[in-house]
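For reference, positions follow the sequence shown, starting with 1.
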Amino acid sequence: MWRLLCASVFVVLIFNSCSLFDQEETIPGILIISSVEVIEDNPNFETCFGHKIRNIEVYVNGITQGIYPINAPIPIFEDGLVDIEIFPLVYASGSSQNLEPHLFLQKESFSLDINFGEVVERDIVFEYQPNTVFRLTEFFGLGNQFNIDIDDDEENTLTVVMDDYCQDNQVGQFVLDTATNLAIVTTPSLLENLTSDQAYLELDYYSELDMTISFAILQQNSTNLEIQDLYYIKPKLEWNKLYINMTDFIRQSNGIKFQMYLSASLPLAGEDGNTVYLGKAYLDNIRILTY
């Protein structure tokens, strides 16, 4: 009896395993976002530095499919017409470890007719939200708003020069040496109406120097400006774009007016450990965005 029972169980397992492994698995459709472009409303902003959107979040029929790098295969487990939503992600305040949706770029939405096993490639174009307000813009093509020098050396300041990285493009430049190893500049006017709901600072930079972005803040019922640091920029020997989320900074400051400061200082030592005697930094496309 025991042998008969074992034999019956063995036969059942064989048939079940055959039906389990012999079934054909459905091969999903594949969507590949080949490239991403950001359209600028302001033609004066130089776009050759790039937008630094390397990742996207994907929704299919309103359900998130996760986060994918550009050019990665995105599986679509539905056959036929589907609704796709693509959200641009940026490195949160320059951190390569943290991604967040860019709050001022519109999502890209489209319908896609895709079959199981099919591969579809698309290029994506993002635009800024139509209600975006640029509270401060400086692209150094028409001058320099950061023309108030507040350190001890008025000659050691931010100047406008031609940058050979982009043809006929003008940028702001700091030049420091051991004799003049610090420069601090600001704007002649204060910024108002920086909403506490959402605010971003964007800029492009190339730097051999340490730089700090700060704000002098005027609070309600006060006549004194309080200076607070927003972000520290370490040397980077290639053009890089920063997206800095200012929302919490502005909300916690309780400020009603703000004045932006840019400071640069000569590092104590370079990456090789040797003393730095001379350094330069370049800035471009600085702007503060709110709604």
Original post:
Are the side chains of Val171 and Asn285 in touch, meaning some heavy atoms are under 4.5 Å apart?
Top reply: no
Subject >> Exercise: identify the closest heavy-atom pair between Ala199 and Thr247 >> reply: N-OG1, 3.1 Å
**OP:** Flag yes if Leu191 and Ile184 sit in one hydrophobic cluster, no otherwise; membership is Ile, Leu, Val, Met, Phe, Trp, Tyr, and two members link when side-chain heavy atoms are under 4.5 Å apart.
**Re:** no
Original post:
Donor-acceptor pair, Gln106 side chain versus Tyr128 backbone, under 3.5 Å?
Top reply: yes
Original post:
When rounded to the nearest 0.5 angstrom, what is the spacing between CG in Leu209 and CG in Leu266?
Top reply: 6.5 Å
Subject >> Verdict with reasoning, Val90 to Leu105, per side chain to side chain contact (heavy atoms under 4.5 Å, CB included) >> reply: CA-CA 11 Å; Val90 296; Leu105 288 175; 5.6 Å; no
Original post:
If we only count heavy atoms from C-beta on, is the Ile53 to His102 side-chain gap below 4.5 Å?
Top reply: no
Subject >> Residue pair Asp151 / Asp149, side-chain heavy-atom distance below 4.5 Å >> reply: yes
**OP:** Apply side chain to side chain donor-acceptor pair (under 3.5 Å) to the pair Asp177 and Thr180, showing each step before the final yes or no.
**Re:** CA-CA 5 Å; Asp177 56 29; Thr180 55; 3.0 Å; yes
**OP:** List the atom of Leu230, the atom of Leu201, and the distance in Å for their closest heavy-atom pair.
**Re:** CD2-CD2, 4.0 Å
**OP:** Could you tell me whether the side chains of Tyr282 and Gln173 share a donor-acceptor contact shorter than 3.5 Å?
**Re:** yes
Original post:
Counting distance only, does the side-chain N/O of Tyr68 pair as donor-acceptor with the main-chain N or O of Gln65 below 3.5 Å?
Top reply: yes
**OP:** Dump the intermediate steps for side chain to side chain contact (heavy atoms under 4.5 Å, CB included) on Ile124 and Glu37, then the final yes or no.
**Re:** CA-CA 6 Å; Ile124 295 296; Glu37 179 184 355; over 6 Å; no
**OP:** Kindly compute the distance separating OH (Tyr206) from CG (Asp163), expressed to the nearest 0.5 Å.
**Re:** 9.5 Å
Subject >> Ser35 side, atom OG; Asn71 side, atom CG - distance, nearest 0.5 Å >> reply: 8.0 Å
Subject >> Flag, side chain of His51 to backbone of Val36, donor-acceptor distance under 3.5 Å >> reply: yes
Original post:
What is the ring orientation for Tyr200 with Phe104, classed by angle as parallel under 30°, tilted 30 to 60°, or perpendicular over 60°?
Top reply: perpendicular
Subject >> Nearest-0.5 Å distance that lies between atom CD1 in Ile70 and atom CG in Asp123 >> reply: 10.0 Å
Subject >> Expected output: side-chain Glu192 to main-chain Ile256 donor-acceptor under 3.5 Å >> reply: no
**OP:** Carefully, step by step, assess Phe134 and Thr132 under the rule side chain to side chain contact (heavy atoms under 4.5 Å, CB included).
**Re:** CA-CA 7 Å; Phe134 298 94; Thr132 299; 4.0 Å; yes
Original post:
Does the side chain of Val185 reach to within under 4.5 Å of the side chain of Ile150, using non-hydrogen atoms?
Top reply: no
Subject >> Co-membership, hydrophobic cluster, residues Tyr205 and Val160, 4.5 Å side-chain >> reply: yes
Subject >> Glu127 side chain to Val125 backbone, donor-acceptor under 3.5 Å >> reply: no
**OP:** Compare all side-chain heavy atoms of Ser263 with those of Phe174 and state whether any distance is below 4.5 angstrom.
**Re:** no
Original post:
When you look at OH of Tyr277, are more than 12 heavy atoms from neighbouring residues, nucleotides or ligands closer to it than 6.0 Å?
Top reply: no
Original post:
When clusters are formed by joining ILVMFWY residues with side-chain heavy atoms under 4.5 Å apart, either directly or through shared neighbours, do Phe146 and Leu225 land in the same one?
Top reply: no
Subject >> Verdict with supporting geometry, Phe249 and Tyr231, ring pair (Phe, Tyr, Trp, His ring centres under 6.0 Å) >> reply: CA-CA 10 Å; Phe249 177 83; Tyr231 193 81; over 10 Å; no
Original post:
Taking C-beta and beyond as the side chain, do Leu190 and Phe258 meet within less than 4.5 Å on heavy atoms?
Top reply: no
**OP:** Take the angle between the ring planes of Tyr59 and Phe87 and call it parallel below 30°, perpendicular above 60°, tilted in between.
**Re:** perpendicular
Original post:
Looking only at heavy atoms, what is the nearest atom pair of Asp284 and Phe139, with distance?
Top reply: OD1-O, 3.1 Å
Residues 107-114 side chain polar contacts: donor-acceptor under 3.5 Å, at least two apart:
unit_1, atom_1, unit_2, atom_2, d
Lys107, NZ, Glu85, OE2, 2.4
Ser111, OG, Asp83, OD1, 3.0

Original post:
Does Leu99 offer a backbone N or O that forms a donor-acceptor pair with the side chain of Asn55 under 3.5 Å?
Top reply: no
Original post:
Which atoms form the tightest heavy-atom contact between Pro73 and Ile32, and what is the distance?
Top reply: CA-CG1, 4.1 Å
Subject >> Donor-acceptor under 3.5 Å (Gln145 side chain, Thr137 main chain) >> reply: yes
**OP:** Say whether Val58 and Leu81 are linked into one hydrophobic cluster, either directly or through other cluster members, by side-chain heavy-atom distances under 4.5 angstrom.
**Re:** no
**OP:** Take Ile86 and Phe126 through the side chain to side chain contact (heavy atoms under 4.5 Å, CB included) test and state the conclusion after the steps.
**Re:** CA-CA 9 Å; Ile86 308 289; Phe126 293 114; 3.8 Å; yes
Subject >> Ser214 versus Ile227, closest heavy-atom pair with distance >> reply: CB-CG2, 4.2 Å
**OP:** Give a yes or no answer on whether the side chain of Arg122 reaches the backbone of Leu31 with a donor-acceptor pair at less than 3.5 Å.
**Re:** no
Original post:
Any luck finding a side-chain donor-acceptor pair between Glu121 and Ser34 under 3.5 Å?
Top reply: yes
Original post:
Quick one: does Tyr261's side chain get under 4.5 Å of Thr212's, heavy atoms only?
Top reply: no
Subject >> Hydrophobic cluster membership, Met260 vs Leu218, 4.5 Å side-chain cutoff >> reply: no
**OP:** Please determine which of Ile213, Ile288, Asn240 meets the side-chain contact (heavy atoms from CB on, under 4.5 Å) test together with Leu203.
**Re:** Ile213
Subject >> Tyr91 OH to Lys52 NZ distance, which is reported to the nearest 0.5 Å >> reply: 6.5 Å
**OP:** Kindly indicate whether the side chain of Leu283, heavy atoms from C-beta on, has any atom under 4.5 Å from the side chain of Met211.
**Re:** yes
**OP:** Determine the minimum heavy-atom distance between Gln259 and Thr187, stating which atoms define it.
**Re:** NE2-O, 2.6 Å
Subject >> Evaluation steps, side chain to side chain donor-acceptor pair (under 3.5 Å), between Asn224 and Ser222 >> reply: CA-CA 6 Å; Asn224 297 321; Ser222 175; 4.8 Å; no
Subject >> Point-to-point distance, once rounded to the nearest 0.5 Å, from CG of Asn156 to CG of Leu182 >> reply: 7.5 Å
**OP:** Examine distances only and state if a side-chain atom of Glu208 and a backbone atom of Lys280 form a donor-acceptor pair shorter than 3.5 Å.
**Re:** yes
Original post:
Any donor-acceptor pair under 3.5 Å linking the side chain of Asn144 with the backbone of Thr159?
Top reply: no
